[in-house]
Chemist: 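Take this structure, written in structure tokens, and hold onto it; I'll ask about it next.
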Amino acid sequence: MSARLTCTRDEQSRETVLSISGAVDLSCVTDLLAEGENSVRTTDASSPLRIDVSLVENAQSVLISLLLRLVAAAEAKELNVSVSGLSGKMFDIARVSGVETVLPLADAPD
């Protein structure tokens with residue numbers, strides 16, 4: 001499955017959700033970053049933003065890089081941003097890279 005990014009808004013929680021799914025690798029990360037940054041730019045500043053990676057099928061460090069860039073873009077816009085659905089393996093990669101405390105995790109890695 002190729003990687004995909006979708007942006008939805010939960011009207012009940014008023015949260016904007018960027019969902020990343022599929023296999024994230026070097027061949028698609030540039031496109032995902034561009035789509036994600038565009039979604040961040042168009043997100044209402046009063047809306048919390050959650051980046052959901054629970055449907056990502058692989059665990060590569062490029063996903064951590066993508067998350068760091070999207071979180072930075074959201075913080076630059078002063079959005080309340082969080083990351084959910086990070087797998088235990090991806091959390092380990094973040095920890096080895098020394099960036100696990102930079103990612104605003106909404107839930108514990110599984």
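All figures in this text were calculated on a predicted structure; none of them were measured in a lab.
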Chemist: Tell me whether Ser47 contacts the main-chain N or O of Arg14 through its side chain, where contact means a donor paired with an acceptor under 3.5 Å.
Modeler: yes
Chemist: Are any of the side-chain heavy atoms of Leu67 and Leu86 separated by less than 4.5 Å?
Modeler: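 Yes, close enough: below the 4.5 Å cut-off.
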Chemist: Any chance you could measure Glu75, atom CD, to Leu68, atom CG, to the nearest 0.5 Å?
Modeler: 10.0 Å
Chemist: Should Arg9 and Glu15 count as an ion pair when the cut-off is N to O under 4.0 Å?
Modeler: no
Chemist: Would you mind telling me which of Leu18, Val62, Val24 makes a side chain to side chain contact (heavy atoms under 4.5 Å, CB included) with Leu32?
Modeler: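 Passing option: Val24.
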Chemist: I need the Ser65 OG to Ile93 CD1 distance, nearest 0.5 Å.
Modeler: 10.5 Å
Chemist: Quick one: pull up CG in Leu66 and CD in Gln60 and give me the separation to the nearest 0.5 Å.
Modeler: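 Going from the CG atom of Leu66 to the CD atom of Gln60 covers 12.0 Å.
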Chemist: For a quick test of reading the model, state the closest non-hydrogen atom pair linking Ile20 to Val56 and the distance between them.
Modeler: O-CG2, 3.5 Å
Chemist: Restricting to non-hydrogen atoms, name the atom on Asp107 and the atom on Ser84 that form the minimum distance, rounded to 0.1 Å.
Modeler: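 Scanning both residues, the minimum pair turns out to be OD1-CA, 3.5 Å.
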Chemist: Taking all non-hydrogen atoms of both residues into account, name the closest pair between Ala23 and Asn58 and its distance.
Modeler: CA-OD1, 3.6 Å
Chemist: Kindly indicate whether the side chain of Val71, heavy atoms from C-beta on, has any atom under 4.5 Å from the side chain of Ile51.
Modeler: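 Contact flag for Val71/Ile51 side chains = yes.
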Chemist: With rounding to the nearest 0.5 Å, note down the distance linking CG in Leu105 to CZ in Phe91.
Modeler: 6.5 Å
Chemist: Within the structure provided, determine whether Asp44 and Thr16 are in side-chain contact (heavy-atom separation under 4.5 Å).
Modeler: no
Chemist: Using every non-hydrogen atom in the two residues, find where Leu79 and Ala45 come nearest and quote the distance to one decimal.
Modeler: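 It is CD2-CA, 3.5 Å.
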Chemist: Can you tell me if Arg50 and Ser82 form a side-chain donor-acceptor pair at under 3.5 Å?
Modeler: no
Chemist: I would like to know whether Val40 and Val81 meet side-chain contact (heavy atoms from CB on, under 4.5 Å); could you show each step before the answer?
Modeler: CA-CA 10 Å; Val40 168; Val81 62; over 6 Å; no
Chemist: Given side-chain contact (heavy atoms from CB on, under 4.5 Å), test Leu49 with Asn80 step by step and report yes or no.
Modeler: CA-CA 6 Å; Leu49 174 68; Asn80 180 4; over 6 Å; no
Chemist: CG of Asp52 to OG of Ser19: how many Å apart, nearest 0.5 Å?
Modeler: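 It comes to 4.5 Å.
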Chemist: State whether Asp92 and Arg95 are salt-bridged, where the test is any N-O pair (Lys NZ or Arg NE/NH1/NH2 against Asp/Glu carboxylate O) under 4.0 Å.
Modeler: yes
Chemist: Could you state whether Val53 and Val96 fall into the same hydrophobic cluster, counting links through intermediate Ile, Leu, Val, Met, Phe, Trp or Tyr residues with side-chain heavy atoms under 4.5 angstrom apart?
Modeler: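 Different clusters: Val53 never reaches Val96 through Ile, Leu, Val, Met, Phe, Trp or Tyr contacts under 4.5 Å.
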Chemist: How far does CG of Asp31 sit from CZ of Arg4, to the nearest 0.5 angstrom?
Modeler: 14.0 Å
Chemist: Got more than 12 heavy atoms from elsewhere within 6.0 Å of NZ, Lys89?
Modeler: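 Result for NZ/Lys89: open.
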